[in-house]
Structure formats: C-alpha cells, structure tokens
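What follows is a short report on a single structure.
These numbers were taken from a predicted model, which means no experiment stands behind them. In each ligand, atom 1 is the first atom listed, and ligand 1 is the first ligand listed. Hydrogens, waters and symmetry mates play no part in the numbers below; they use all other heavy atoms, side chains included.
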Amino acid sequence: MEFDIKAIRKDFPALNQNVYNKPLVYLDNAATTQKPQCVIDAITNYYSKQNSNIHRGTHYLSQQSTYAYEETRKNVALFLNADNEKEIIFTKGCTDSINLVASSFGKKFIKKGDEIIISALEHHSNIVPWQILRDDKNAVLKVIPITNNGEIDIYKLNDLITPATKIIAINHVSNSLGTINDIKKIIKIAHSYNIPVLIDGAQAIPHIPVNVKELDCDFYCFSGHKIYAPMGVGVLYAKEKWLEEMPPYQGGGEMIKNVTFDKTIYNELPFKFEAGTPNAGGVIALNEALKYVLNIGYDNIAKQENILLKTATEKLLQHDDIKIIGTPSLKTSIISFVINKMHHYDVGVILDHYGIAVRTGHHCTQPVMDYYNLPGTVRISFAFYNTLEEIDILMFAIDKVKQMLS
Ligand code: PLP
C-alpha cells in the first residue's frame, strides 16, 4: 500500500481536533494509541447489532458474535504465527497476561528457592507479578543489569542462571527508553538451559512484526490498546505444552466442562484460561486493528517512524541543555529526555498548553529512573500517523518552555 499520511490521519478522528485552540499533537503513543475509524465502527457495530454473550447461546446474535470472536482468535494466531488458535488466550491486557503466567505457571512450577530472572529495564507490569510470586513461594527474583546506553546486559545473563532458574521474563522493547532487546539471543541462551521465556511485547507489537515460532518464545504478551485496538483487551500467546500443564488462572463460567460440588473438570484450551464473560466487542475490534496495521504494512510503519525518530533526535540534540536518556543501538520511536534544571512535569504541562501530548514521570519503570538517578523524564513516542510538521511544533514549544522556565 502507498503511504499517504494525509489519508491515514483522516482515519483517526481523535487526531483531527484542537485542544486549547491548537491542533492536537499526539506524541504519547507508547501510553496508548489513537483508534482508526474501522475500530470505532467495529465497537459501534458490535453493540448496535451483535451484542450477546458468546459461546453460550443458541440464538442468532450469540452465534454471530461467537463466530466473530473466534475468527479474531484465528487471525491473532496467524498474526503471531502461532501453531494454532489454542495457543491464543484473550485477556484484559498485557498486565493481565503476565499476571496469568506468573500466577498459573508459578503455582505449578515454582517452589521454595527457585529462581525467576527479569531485567532492570522492565515495566512494573513485568516486575510486580513476579515479586508477588516470589513472596508467595519463597522464591528468588534475580535482575539482569542494564548498560549505560540502556540495553539489557546480555553477557550477565549466563552468570545469573543456575539449576534453580525456572523462568526468564523480559521485555521486547523498553517503554521508557525504546530499546529493542535482542530477545532471540536471550531465548536461545535460556533454552540452552531448558528455561522457558516470557516476552512482554507491549511496546513491540505496534512497531515490529512478531513471529513467535521464529523467536521460539514460550509466552508472548501484548495489549490491544497499544496497537490501535480498544482498551480492556489483550493477548497471551503460550506454547500449547505449557497451557496444557498449567492450572487455570481463574475459575468461573466458560472455563469448565463439568461442575459438581465434588469436582470440576476444566474446559479444553484455550477456554480453560478464559473464565467469565470476555470483552467480546473489544476482541472483535482488535481484529480490525490488526487488519488495519497489516494493510499499512510494518515496512511502511518502520520507515515513517524511523524518519520521525531520526529527525526529532537530531533536533533535540541541537540543544546543549537537553539530554536524551538511553542511547541503545536499536530502538523504536520513543525518546526520553531531560532539560537541564527543569522538572519533567513542568515541561509536560507547558507542552500541553501548546496542544502537545507527551508523557512525563517514571513511565512505570522506577528502577530505570533509579539507574539514571532521575526522578523522571519527558517521553515522546511516535506512531506512523505523526508528521515532521508536528516535530516542528514540538521544537517551537520546547523553545517556549525554556524561555518560561529558565
Ligand atoms: N509492558 C510494557 C513494556 C508497557 O509499556 C506496558 C504499558 O505501558 C505494559 C507492560 C502494561 O500494559 P497494560 O497497562 O496495557 O496492561
């Protein structure tokens, strides 16, 4: 498909509005992405025409929504190149997917003294569930350090692995620095010791095509809302062999085959892990979001986002008083920076008044901020629908911020 930025921007109604009488410049895509009209239409269509509980009804609407829900599962399996749709579990989001694995894998496979390895570059969502498991089981949590340029120090991984290591959980892309981690190498090292690997793909999925078979990861998690789909829906990919062995995460309707007061027989995969009524409308809209992304094409996405990343980086570096935090050799379109002596929050508030949406603070990665000895940063994060003109507006506003705060 030809990349026509004007036409693409028209697909996203939220981009075409003013805030404080200024055109919105939305540079907070790592927090959540805006939604194309096809995704909004899918939600509207679901609630105006299809709304019904899935898997349970004999009636027309229930059959329609069950079909659309299960078609999404098939398409997500194709999207990730999973072996089959039994390996795709719908969740509330990436956080929910990680908690599912920490809880369920943990229940079965982690005992006192066992070790879990994460990295110092993780989002809190890939730290806290493992801490809860550690405390529950008297296990040990080990952390792979990062290097000064903001990369996971893979060479330290071998030193951390012991016969007690039971799982490694690592992000594909860092949400605070944009680092693209060499997860293929990490998975290879882990598998040479027979250790399974969970990948937190929240920040990779909108930018990088993911092939779980090629990666050979054991678990891959992402949220719909980071890839132009609605909030409240997420995906857990897991190798079937793990899902077969893991106990259910939650109990309730749908995840059962037969219930008596003595015993419950659980449903088959993937339903064993989907207790209760799911966000069917959200899942069905996720299908539209994935189709939209594939239609634009990851090559086009990378091309546009790399131009934006390169241009904004060069322009920011023209300022002696601006420091970019994290300079990894491979990164997505995220830039974290600080302006000398200016608090990130003040910078964010002033940029907001110029219509520019950025994220400020620790970005749910307090250990990363501790490493750099910073209370927080200003983070801009581009999507393919951002433009070079928006970078000019940002640079103009940064000059104003500096005048006002210095
Ligand atoms: N992991 C990373 C790297 C993230 O950036 C985020 C969200 O920002 C999450 C996990 C959690 O995603 P969610 O809040 O959608 O569950």
Side-chain angles (χ1 to χ4, degrees), residues 26-35 39 76 89-103 118-132 143-144 146 150-152 168-183 186 197-208 210 217 219-237 249 278-279 282-283 285-286 289-290 305 325-326 328 330-336 357-369 371 376-383:
Y26 188 76
L27 302 180
D28 195 19
N29 295 287
T32 198
T33 52
Q34 297 303 340
K35 315 305 170 204
V39 167
V76 172
I89 311 292
F90 290 122
T91 64
K92 286 188 293 185
C94 189
T95 304
D96 196 30
S97 301
I98 298 170
N99 273 280
L100 187 162
V101 178
S103 168
I118 58 172
S119 88
L121 199 55
E122 301 308 312
H123 187 282
H124 296 163
S125 293
N126 200 27
I127 300 175
V128 185
W130 303 109
Q131 284 176 330
I132 292 171
V143 182
I144 317 171
I146 54 173
E151 291 170 346
I152 293 177
I168 297 175
I170 230 95
N171 68 83
H172 193 166
V173 169
S174 154
N175 66 302
S176 48
L177 308 182
T179 315
I180 302 175
N181 293 306
D182 191 349
I183 53 167
I186 293 173
V197 180
L198 173 141
I199 303 294
D200 167 0
Q203 294 295 339
I205 203 81
H207 308 289
I208 301 170
V210 171
C217 55
F219 304 96
Y220 197 98
C221 312
F222 71 88
S223 288
H225 72 97
K226 310 265 191 205
I227 183 163
Y228 313 101
M231 292 183 178
V233 56
V235 168
L236 166 67
Y237 156 80
Y249 175 44
N279 180 357
V283 165
L286 170 66
L290 299 184
E305 291 177 349
I325 307 301
L330 280 177
K331 66 187 289 196
T332 57
S333 49
I334 286 176
I335 307 176
S336 252
V358 299
R359 177 87 180 258
T360 64
H362 53 64
H363 317 297
C364 296
T365 55
Q366 281 181 338
V368 175
M369 298 300 126
Y371 175 83
T377 67
V378 180
R379 183 188 71 184
I380 52 179
S381 50
F382 298 109

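- Across Asp200, Val197, Ile170, a single residue satisfies side chain to side chain contact (heavy atoms under 4.5 Å, CB included) together with Ile183, and that is Ile170.
- At a 4.0 Å heavy-atom cut-off, ligand 1 touches Ser125 through the side chain alone.
- With a 4.0 Å cut-off on non-hydrogen atoms, His225 touches ligand 1 through its side chain and not its backbone.
- Here's the thing with Ser223: one of its N/O atoms is less than 3.5 angstrom from an N/O atom of ligand 1.
- Nearest protein heavy-atom contact of atom 7 (C) of ligand 1 is Lys226 NZ, 2.8 Å.
- Per-residue contacts place Cys94 under 4.0 angstrom from the following atoms of ligand 1 (heavy atoms of the residue considered): 10 (C), 12 (O), 16 (O).
- Counting heavy atoms from C-beta on, the side chains of Thr332 and Gln203 never come closer than 4.5 Å.
- Shortest non-hydrogen contact noted between Gly150 and Thr179 is O-OG1, 2.6 Å.
- When all heavy atoms are compared, the tightest approach of Ala202 to Cys94 is CB-SG, 3.8 Å.
- Every N/O-N/O distance between Asn171 and ligand 1 stays at or above 3.5 Å.
- Using a distance-only test at 3.5 Å, with no hydrogens or angles considered, no donor-acceptor pair links the side chain of Arg359 to the main chain of Ser381.
- Given atom 5 (O) of ligand 1, the protein heavy atom at minimum distance is Gln203 NE2, 2.7 Å.
- On a distance-only criterion, Asp96 and ligand 1 share no N/O pair closer than 3.5 Å.
- Between Tyr249 and Asp96 the shortest side-chain heavy-atom distance falls below 4.5 Å.
- Ranking the protein heavy atoms by distance from atom 4 (C) of ligand 1 puts His123 CD2, 3.3 Å first.
- Closest heavy-atom contact between Thr95 and Ser125: OG1-OG, 3.0 Å.
- At the shortest separation from atom 3 (C) of ligand 1 among protein heavy atoms lies Asp200 OD2, 3.5 Å.
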Next item on the list: Start with the C-alpha distance between Thr91 and Ser97, add both sets of side-chain angles, then the distance that settles side-chain hydrogen bond (donor to acceptor under 3.5 Å, both in side chains), and finish with yes or no.
Entry: CA-CA 6 Å; Thr91 64; Ser97 301; 2.9 Å; yes

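- Nearest-residue assignment for atom 16 (O) of ligand 1 (options Ile127, Thr365, Thr95, Ile334; heavy-atom criterion): Thr95.
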